Amino acid sequence: MLNKIYDWVDERLDITPIWRDIADHEVPEHVNPAHHFSAFVYCFGGLTFFITVIQILSGMFLTMYYVPDIENAWKSVYYLQNEVAFGEIVRGMHHWGASLVIVMMFLHTLRVFFTGSYKKPRELNWMVGVGIFGVMIGLGFTGYLLPWDMKALFATKVGIEIAASVPFIGQMIKVLLAGDATIIGAQTLTRFFAIHVFFLPAVLFGLLAAHFIMIRRQGISGPL
Amino acid sequence: MHRGKGMKFVGDSRIKANHRMPNVPKDYSEYPGKTEAFWPNFLLKEWMVGAVFLIGYLLLTVAHPSPLEGQADPTNTAYIPLPDWYFLFVYQLLKYTYASGPYNVIGAIVMPGIAFMALLLMPFLDTTPERRPSKRPLPTAFMLLTLASMFYLTWESVVNHDWEASKKQGEIKEEVEVVIDESLPGFAIWNGDTGEQAKSCIACHAADLKGGPAAPALAGNQLTAEEVEDIIHNGRGAMPAGQFAGTDEEAKQLAEFIASLKPAE
């Protein structure tokens with residue numbers, strides 16, 4: 001049955017080559033922990049992606065309850081945390097995932113650095129990877145404000161002051177982020193929500209696609 | 001095999017099959033040893049690693065519910081801010097003399113900027129073909145130095161932070177609904193309508209009975225009238241003894257009023 005559906009689609013869209021591009025390749029011995037246990041260091045990139053997928057899914061469910069408004073943001077998070085069935089789990093996964101993704105990405109970066117895998121011909125993929133790192137930091141910074149509790153507000157105040165200390169364009173960055181030259185308030189919350197949920201994920205998806213296409217094209221770097 | 005199983009498309013503008021990059025798996029013969037097919041053998045192992053990781057992740061989630069402090073209050077001027085843990089090293093860096101105050105730009109922009117740009121441009125700074133860390137001592141040394149400083153700064157930030165105060169300042173204050181019985185004689189004393197009292201109680205415990213930075217809320221207390229009377233005379237915790245200036249009878253009435261402020265059922 002599945003085969004027939006596959007054949008029907010394949011006859012019209014020629015999907016077999018696409019499938020081959022994604023899945024049909026060999027995994028060399030030196031990255032396979034089944035052969036060398038120390039090769040577990042090659043798992044960090046995959047685990048980063050795994051957590052990213054969990055962040056996307058749990059984030060989608062969080063927006064079903066979250067209200068990006070200074071009156072109701074905290075109340076909606078409190079309600080989600082204490083009243084909604086499994087709300088504590090969904091928010092907990094998003095909260096801890098935000099930290100774990102930083103840890104895993106950090107370890108992945110160190111693996112690539114210490115195996116010298118960023119060298120020719122993989123320079124571009126390294127730069128895209130550093131871009132992903134920056135986007136993830138941005139997601140962490142913007143997401144921290146959204147529960148609209150005390151630590152969120154005051155950490156964001158400090159963060160925006162740091163952004164404002166950039167020479168020449170600091171004030172412009174501040175107004176862009178906060179929505180106002182002096183107030184961290186309603187406008188800031190909606191902007192951070194939009195950046196966290198729409199702008200940065202859009203950039204992230206583009207960079208991730210580039211990262212993965214380049215890995216498939218170049219293959220994984222050889223043993224040391 | 002022909003593309004699309006040999007089907008002809010009307011107005012076919014696609015790149016001809018023979019111009020396409022060959023769809024042959026990469027040659028891994030340069031890698032010694034046993035290769036393994038990604039699909040499905042290796043992917044199954046990856047899923048097992050993922051499953052084990054997910055169990056740990058869920059245990060963490062269940063064992064440590066994500067924190068939520070009280071609702072943001074921009075009028076609070078005493079709050080000591082703290083960023084998420086992975087920004088702590090920058091937070092600590094900004095406390096040092098030549099990275100703060102007039103030199104703020106150095107700590108906030110110049111140093112993180114140099115570090116980020118060096119990371120981004122790593123392939124063009126370290127251009128030797130050598131891959132082993134021991135064969136390229138300078139990049140390795142710089143990276144280890146950076147890691148050590150990040151670890152040290154994070155550590156310093158953690159040990160120098162007052163976590164007790166941090167926990168206290170963020171606590172969610174319960175809003176307790178209480179019924180205030182204004183017919184009690186103690187209410188008049190609290191309000192300052194009769195007797196000498198009122199001002200000094202309200203100074204710390206607030207006119208709305210909800211307390212303040214120096215004193216707990218009286219609304220929703222769990223004390224009996226005798227206990228309240230004792231505290232009025234003898235103090236408790238940060239509250240000094242002998243604050244009440246009225247008569248003993250008035251103290252008794254005030255204690256009865258305060259003891260009546262129980263949470264509504």
Side-chain angles (χ1 to χ4, degrees), chain A residues 10-12 14 17 20 23-30 32 34-35 43 46-47 50 74 77-78 81 88-89 91-93 95-96 99-100 102 113-116 118-120 123 126-127 130 140 144 147-155 157-159 162 165-167 184-185 219 222-224, chain B residues 3-5 7 23 25-26 28 30-39 42-43 45-46 49-50 53 57-58 60-62 64-66 68-74 76 79 81-86 91 104-105 108-109 116 119-120 122-124 126 129-133 136 140 143 169-170:
Chain A
D10 192 41
E11 194 179 342
R12 282 154 186 82
D14 193 18
R20 281 195 181 162
D24 192 10
H25 59 275
E26 297 279 304
V27 177
E29 179 184 335
H30 71 284
N32 192 335
H35 294 302
C43 287
L47 287 174
F50 180 58
W74 185 85
V77 175
Y78 186 86
Q81 177 95 353
E88 195 179 5
I89 302 290
R91 180 163 176 256
M93 291 189 80
H95 172 85
W96 288 111
S99 288
L100 284 172
I102 300 283
F113 178 81
F114 283 114
T115 56
Y118 55 86
K119 288 169 180 267
K120 194 185 172 192
E123 300 98 323
W126 168 267
M127 291 169 75
V130 175
Y144 202 65
W148 199 247
D149 61 356
M150 292 294 272
K151 65 177 181 332
L153 176 69
F154 288 98
K157 276 191 174 178
V158 175
I162 290 176
S165 67
V166 176
I184 307 290
L224 280 175
Chain B
R3 320 176 58 223
K5 306 223 160 90
M7 186 180 221
N23 223 324
K26 275 189 187 299
Y28 283 92
E30 62 188 282
Y31 300 153
K34 314 171 206 70
T35 61
E36 186 172 26
F38 173 75
W39 172 270
F42 189 72
L43 188 63
K45 288 176 187 163
E46 281 194 334
V49 172
F53 181 82
Y57 186 171
L58 283 174
L60 179 67
T61 302
V62 174
H64 296 281
S66 45
L68 182 65
E69 294 192 343
Q71 188 166 10
D73 175 12
N76 185 327
Y79 193 92
L82 190 73
D84 217 349
W85 64 270
Y86 45 84
Y91 179 70
N104 187 52
V105 171
I109 308 298
F116 189 82
L119 191 71
L120 183 68
M122 186 71 71
F124 309 104
D126 173 23
E130 286 293 347
R131 286 182 51 211
R132 284 180 178 278
R136 43 192 181 98
T140 307
M143 182 54 101
Q169 68 180 355

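Proteins come first, then strands; the chains are lettered A, B, ... in the order of their sequence lines, and each starts at number 1. Nothing here was measured: the structure is a model prediction, and the numbers come from that model.
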task = Can you measure from NE2 (A:His30) to CG (A:Leu224) and round to the nearest 0.5 angstrom?
result =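 The NE2 atom of A:His30 sits 8.0 Å away from the CG atom of A:Leu224.
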task = Name the orientation class of the two ring planes belonging to A:His25 and B:Phe38 (parallel below 30°, tilted from 30 to 60°, perpendicular beyond 60°).
result =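 Plane angle under 30°, so parallel.
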Considering only heavy atoms and a distance below 4.5 Å, find which of [options] pairs most often with chain B.
| options | result |
| --- | --- |
| A:Val166, A:Leu100, A:Ile102 | A:Ile102 |
| A:Phe113, A:Tyr78, A:Trp148 | A:Phe113 |
| A:Pro167, A:Ala34, A:Ser99, A:Gly46 | A:Ser99 |
| A:Ile162, A:Ile89, A:Thr115 | A:Thr115 |

Chain A contacts, top residue of B:Glu130, B:Met143, B:Glu46 (heavy-atom pairs, under 4.5 Å) =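 Option with the top pair count is B:Met143.
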inquiry  = Just so I understand: if I count every heavy-atom pair under 4.5 Å between each of B:Phe53, B:Trp39, B:Tyr86, B:Tyr57 and chain A, which residue has the most?
reply    =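 The candidate making the most pairs under 4.5 Å is B:Tyr57.
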Relative to chain A, which segment of [X] carries a heavy atom at a distance below 4.5 Å: side chain, backbone, both, or neither?
| X | answer |
| --- | --- |
| B:Leu82 | backbone |
| B:Phe124 | side chain |
| B:Glu36 | both |
| B:Leu58 | side chain |

Looking at every heavy atom in both [X] and [Y], which two are closest together, and how far apart are they?
| X | Y | answer |
| --- | --- | --- |
| A:Pro147 | A:Arg91 | CG-NH2, 4.2 Å |
| A:Ala155 | B:Pro81 | N-CB, 4.2 Å |
| B:Thr35 | A:Glu26 | OG1-OE1, 2.7 Å |
| B:Pro65 | A:Gln81 | CB-NE2, 4.2 Å |
| B:Val49 | A:Cys43 | CG1-SG, 4.4 Å |

key: Side-chain donor-acceptor pair present, B:Tyr79, B:Asp73, cut-off under 3.5 Å   =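 B:Tyr79 vs B:Asp73: no donor-acceptor pair found between side chains.
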query = Are the side chains of B:Pro74 and A:Leu153 in touch, meaning some heavy atoms are under 4.5 Å apart?
reply =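 B:Pro74 reaches A:Leu153 side chain to side chain.
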Contacting region of [X] [heavy-atom separation from chain B under 4.5 Å]:
| X | answer |
| --- | --- |
| A:Phe50 | side chain |
| A:Tyr144 | side chain |
| A:Glu123 | both |
| A:Lys151 | both |
| A:Leu47 | side chain |
| A:Ala23 | both |

request  = Just jot down the salt bridge (Lys or Arg N to Asp or Glu O under 4.0 Å) partners of B:Arg131, sequence neighbours excluded, or say none.
outcome  =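 Applying salt bridge (Lys or Arg N to Asp or Glu O under 4.0 Å) to B:Arg131 gives none.
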